[in-house]
Amino acid sequence: MKIVVLDGKTLNPGDLSWKGFQSLGECSVYDSSPAETVLERSQGAAALITNKTVLDKSIIDALPDLRYIGVLATGYNVVDIAAARSRNIPVTNVPKYGSTAVAQCTFAHLLNLTFHLNIHTEAVRQGDWAKCRDFCFWNAPLVELAGKTLGLIGFGEIGRAVARIAQAFPMQVLAFDPTLPQSGERDGVRLVPLPQLLAESDAVSLHCPLTESNREMVNSSFLAQMKPSAFLINTARGLLVNESDLAVALNQGRIAGAGLDVLSVEPPDLANPLLSAKNCYITPHIAWAPLESRARLMQTAVENFQEFLAGAPKNVVN
């Protein structure tokens, strides 16, 4: 059986192994696959493994031997699910592998926003502390998290992991999730309507999947409902945010800062207004990427394919 991994480098830049897939068939692994190469490389493949390489209807329909598509991620919007379904091709994803790492990255951003570690470290490097007459100095506001309120938009596996960390500080935690009631309590977290969450939260963190209904939900209206002292954190999907609106809000001081691990286009265009926005800290989509998380992802992706071969596919999204 021919297996083609279309874009394997981000999952395995050299510190993992493809032996799991290689043991299951003739396996070709490409670091990345520009759009113009996908069809040629996929010819004769019974299984395609993709992370961010797009498999649209034209590609799927042009591959008569294709029997399986495995996505090396939780999100699967790179695959035309309807086209695969029409061909009875199962599409699998890898849920939950990175929940703890994404929660950790969320708090890395929140801790940076509240203690400005980047700014203060650079100031020390430049000699500002050495020139100071006092034993300490700070050149940006410092915020204590204890007693503050964290608002979570999305209360699935990752949202719950973030809530547990927040409660240890201890913070008050609110959550809004369209699939849950907008009142009551879950594990010490208050479920509230979105307007209430925005009005009461000292930090708002996104942990929801991207859908047509929430695309660019973080816009000027959304941001106007937040406290001017509040922070926005996004480790979910870049297209949840209207980036121009967020840049304006940051530059005008309508909110205090943003910590982002995702953008609408990745890698970003240098003209993206958030790259130069005030108090905006951007990491290059690394929340999912610790070795431990990637190892879990690889293992589950192999197991997904093994289960398909055994006639009982799991983690099927179509």
Side-chain angles (χ1 to χ4, degrees), residues 10 98 100-126 128-129 137-146 148-154 158-159 161-162 165-166 169 171 198 201-208 210 216-220 222-224 226-290 293:
T10 49
T100 55
V102 176
Q104 180 179 332
C105 184
T106 297
F107 261 82
H109 273 288
L110 184 55
L111 291 170
N112 179 58
L113 286 164
T114 53
F115 260 73
H116 297 280
L117 300 181
N118 182 298
I119 290 173
H120 288 104
T121 298
E122 187 58 31
V124 172
R125 190 185 304 275
Q126 292 178 357
D128 292 354
W129 192 15
F137 83 98
W138 55 91
N139 54 15
L142 305 176
V143 178
E144 185 176 274
L145 289 178
K148 298 294 190 296
T149 298
L150 176 64
L152 306 175
I153 299 180
I158 296 172
V162 172
I165 298 173
F169 268 85
M171 300 181 73
L198 297 178
S201 295
D202 298 294
V204 174
S205 191
L206 307 182
H207 301 288
C208 49
L210 176 67
E216 296 193 353
M217 68 180 293
V218 180
N219 54 26
S220 57
F222 178 108
L223 295 162
M226 292 175 60
K227 296 179 180 180
S229 58
F231 306 114
L232 176 75
I233 301 172
N234 186 13
T235 55
R237 290 289 181 265
L239 284 168
L240 293 169
V241 176
N242 181 308
E243 293 172 339
S244 295
D245 286 359
L246 177 56
V248 169
L250 289 166
N251 290 330
Q252 294 183 353
R254 296 182 196 169
I255 65 170
L260 312 173
D261 188 56
V262 288
L263 294 174
S264 61
V265 176
E266 299 171 343
D269 189 305
L270 290 175
N272 186 314
L274 290 175
L275 298 186
S276 58
K278 183 180 178 182
N279 294 329
C280 186
Y281 299 90
I282 302 172
T283 49
H285 205 146
I286 57 173
W288 71 286
S293 298

Practice problem: State which residues pass salt bridge (Lys or Arg N to Asp or Glu O under 4.0 Å) with Lys227; sequence neighbours excluded, sorted by chain then number. | Solution: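 Per chain and number, Lys227 pairs via salt bridge (Lys or Arg N to Asp or Glu O under 4.0 Å) with Asp202.
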Residue pair [X] / [Y]: nearest heavy atoms and the distance that separates them:
X	Y	answer
Ala123	Asn139	CB-ND2, 3.8 Å
Tyr281	His109	O-CE1, 3.5 Å
Pro290	Trp288	CD-C, 3.3 Å
Leu250	Cys280	CD1-CB, 3.8 Å
Cys208	Met217	SG-SD, 4.4 Å
Leu198	Phe222	CD2-CZ, 3.4 Å

In this structure, are over 12 heavy atoms from other groups packed under 6.0 Å from [X] atom [atom1]?
X	atom1	value
Glu216	CD	yes
Glu144	CD	no
Leu270	CG	no

Spacing of [X] atom [atom1] and [Y] atom [atom2] [to the nearest 0.5 Å]:
X	Y	atom1	atom2	answer
Leu232	Ile255	CG	CD1	5.5 Å
Ile165	Met171	CD1	CE	11.5 Å
Ile153	Ser201	CD1	OG	8.0 Å

Practice problem: Let me know which of Val262, Ile158, Ile233, Leu240 forms a side chain to side chain contact (heavy atoms under 4.5 Å, CB included) with Leu206. | Solution: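 Checked Val262, Ile158, Ile233, Leu240 against Leu206; only one passes side chain to side chain contact (heavy atoms under 4.5 Å, CB included): Leu240.
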Quiz prompt | Of Ile119, Thr283, Asn118, the residue whose pairing with Asn112 passes side chain to side chain contact (heavy atoms under 4.5 Å, CB included) | solution =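 Testing each of Ile119, Thr283, Asn118 against Asn112, the sole residue satisfying side chain to side chain contact (heavy atoms under 4.5 Å, CB included) is Asn118.
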Checking [X] side chain against [Y] main chain: does a donor-acceptor pair fall under 3.5 Å?
X	Y	value
Thr114	Leu110	yes
Asn242	Asn219	no
Glu266	Leu263	yes
Asn234	Arg237	yes

Are any non-hydrogen side-chain atoms of [X] and [Y] less than 4.5 angstrom apart?
X	Y	value
Val265	Asn272	no
Val162	Leu150	yes
Leu246	Leu260	yes
Phe107	Phe169	yes
Phe115	His120	no
Ile282	Leu274	yes
Asp128	Val124	no
Val248	Arg254	yes

Quiz item: Is it the case that Thr235 and Thr106 place a side-chain donor and acceptor less than 3.5 Å from each other?
Solution: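 On atom types as modelled, these side chains qualify, holding a pair under 3.5 Å.
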